[in-house]
Amino acid sequence: MTAPLPPGSTIGILGGGQLGRMSALAAAELGYRCHVFAPEADSPAMQVAAARTVAPYEDPQALAAFAAAVDVVTFEFENVPAATLDRLEPLVPCRPGVAALRVGQDRVLEKRFFEQAGVAVGAWREVTSRDALDAAVAELGLPAVLKTTRLGYDGRGQAVLRSPADLDAAWARLAPRPLILEAFIPFEREVSAICARGVDGAVVTFDVTENRHHRHILDLSIAPAPVAPEVAAAARGAVVRLAESLELVGLLALEMFLLPDGRLLANEMAPRPHNSGHWTMDACLFGQFALHVRAVAGLPLPEPGRHHDAVMKNLVGPEVYARWGELAARPDVALHLYGKAEAREGRKLGHATRLLPPGSVAEAPEPHYLSPL
Ligand SMILES: Nc1ncnc2c1ncn2[C@@H]1O[C@H](COP(=O)(O)OP(=O)(O)O)[C@@H](O)[C@H]1O
Ligand SMILES: [Mg+2]
């Protein structure tokens, strides 16, 4: 048992993006200071931090000084090198630890870990050569999805293979990076479940969320997901099992495919706040960022206490972002903008959550009609 961090303590955050920004804001509400470590100056998290280090994740002096300046370390970016946490862990508590980071940043380790923990996944093969790709396609069939095992996000580093003629171009684009071939899952819906696990091992889960993607980027999250109660319970059970088998302290998010027969297949996990949990900050008494900070700081973890249904829309790219004024005028919409200097295409610039009376999602003929935009 570790005593809770007293107010006034400093939480170190590796990564400068919007997840760190919203974590730092939640930490400030409990009287904590945040020290953000990231390679980019003026990043979204640094704008709201009490202290900042702009340095590469590999800089040993900067990491040693960071460890000495903070009381606990967490990360908001899942591609922080594992070696960075290896260096920090002997100096300062890291929550979550390097084991969760390592698994979460490699699709092959992730798939093996899901299988070992008894969480079902679709068929997959590691692909280490062009011949291995042919063999994997022969075994799994087409369509299939070829992905880089590391550093993929928002659909980057992926190719859908529909016919044998697609293999050469996909190989040319993605190799020589390590690859994985996944059977294409004809899902009915995509859902995610998020849990928070404390230093004492206590776990709380959020309502399961349905996620709709546009061009492989999350577009809408709908909560609670309109799925059967057994499906929701199975999704929550899966993320808890994974968090427990990693002995993770912090948040764990699990993305899953729901098949037409009601089975769930795990897709990928993230040991950090997750885009599909953004609705929780406005529709729950304790949102994902609040529970993340509480877990990392060793505080008790209350039940989230959802008081509204919610539909979250990501503001991706300049055109949607340009409608921020319209969204700011809506009494039923909570608007969050990330302070990014460049409104580039494909970039997540903010999100808007429409709050609805409980039961609205289940009653809607099609929940995306409830989107804020
Ligand atoms: N094996 C698959 N079968 C069907 N759709 C997939 C598959 N893998 C990925 N997708 C689609 O692409 C999206 C992004 O893929 P994902 O593996 O979650 O990578 P990332 O979120 O890191 O970009 C998924 O949410 C899903 O819509
Ligand atoms: Mg994903």
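Side chains included, hydrogens not; waters and symmetry mates left out as well; all remaining heavy atoms used. Whatever order the structure lists ligands and atoms in, that order sets their numbers, starting from 1.
Residue-environment remark: CD (E326) exceeds the threshold of 12 foreign heavy atoms within 6.0 Å. Enclosure of atom CD in E366 by more than 12 non-hydrogen atoms of other residues, nucleotides or ligands within 6.0 angstrom is indicated.
The protein non-hydrogen atom at the shortest distance from atom 7 (C) of ligand 1 is F257 CZ, 3.6 Å. Among protein heavy atoms, atom 20 (P) of ligand 1 sits closest to E268 OE2, 3.3 Å. The closest protein non-hydrogen atom to atom 3 (N) of ligand 1 is I185 N, 2.9 Å. Atom 17 (O) of ligand 1 has its closest protein heavy atom at K147 NZ, 2.7 Å. Here the heavy atom of the protein found nearest to atom 27 (O) of ligand 1 is E190 OE2, 2.6 Å. Remark: minimum distance from atom 23 (O) of ligand 1 to any protein heavy atom is reached at G155 N, 2.5 Å. From the protein, the heavy atom lying nearest to atom 5 (N) of ligand 1 is F187 CE2, 3.6 Å.
At least one N or O atom of E255, backbone or side chain, sits closer than 3.5 Å to an N or O atom of ligand 1. The shortest N or O to N or O distance between F184 and ligand 1 is not below 3.5 Å.
For atom 15 (O) of ligand 1, the nearest non-hydrogen atom from the set H216, Q158, E182 belongs to Q158. Selection from P143, G157, A183, A123 by nearest heavy atom to atom 1 (N) of ligand 1 gives A183.
Judged purely by distance below 3.5 Å, without hydrogens or angles, the side chains of W124 and E110 never pair a donor atom with an acceptor atom. One side chain, D282 or H336, offers a donor N or O that lies under 3.5 Å from an acceptor on the other. Under the 3.5 Å distance criterion, with hydrogens and angles disregarded, a donor-acceptor pair is assigned to the side chains of T74 and H292.
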Set out, in order, the CA-CA distance, both residues' side-chain angles and the distance that settles side chain to side chain contact (heavy atoms under 4.5 Å, CB included) for D332 and L355, then state yes or no. CA-CA 6 Å; D332 58 339; L355 296 170; 5.7 Å; no

Please test L251 against F289 for side chain to side chain contact (heavy atoms under 4.5 Å, CB included), starting from the C-alpha separation and ending with a verdict. CA-CA 9 Å; L251 290 180; F289 297 102; 5.9 Å; no

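When the Mg ion (ligand 2) is compared with the N/O/S atoms of E255, atom OE1 turns out nearest. The closest approach of E268 to the Mg ion (ligand 2), by N/O/S atoms, is made by OE2.
Contacts of N267 with ligand 1, taken as heavy-atom pairs under 4.0 Å, involve the side chain alone. Contacts between A144 and ligand 1, counted as non-hydrogen atom pairs separated by less than 4.0 Å, are absent for every part of the residue. At a heavy-atom distance under 4.0 Å, only side-chain atoms of V145, from C-beta outward, approach ligand 1.
Of the possible donor and acceptor atoms, none in the side chain of D134 sits under 3.5 Å from a partner among the backbone N and O of D131. Checking side-chain atoms of D309 against main-chain N and O of V361 turns up a donor-acceptor pair under 3.5 Å.
Taking the six-membered ring where the residue is Trp, Y57 and F37 present parallel rings, their angle staying beneath 30° rather than reaching 60°.
The salt bridge (Lys or Arg N to Asp or Glu O under 4.0 Å) test with E126 is passed by exactly one of R107, R112, K147: R112.
Proximity of G152 to ligand 1 is established by a heavy-atom distance of less than 4.0 Å.
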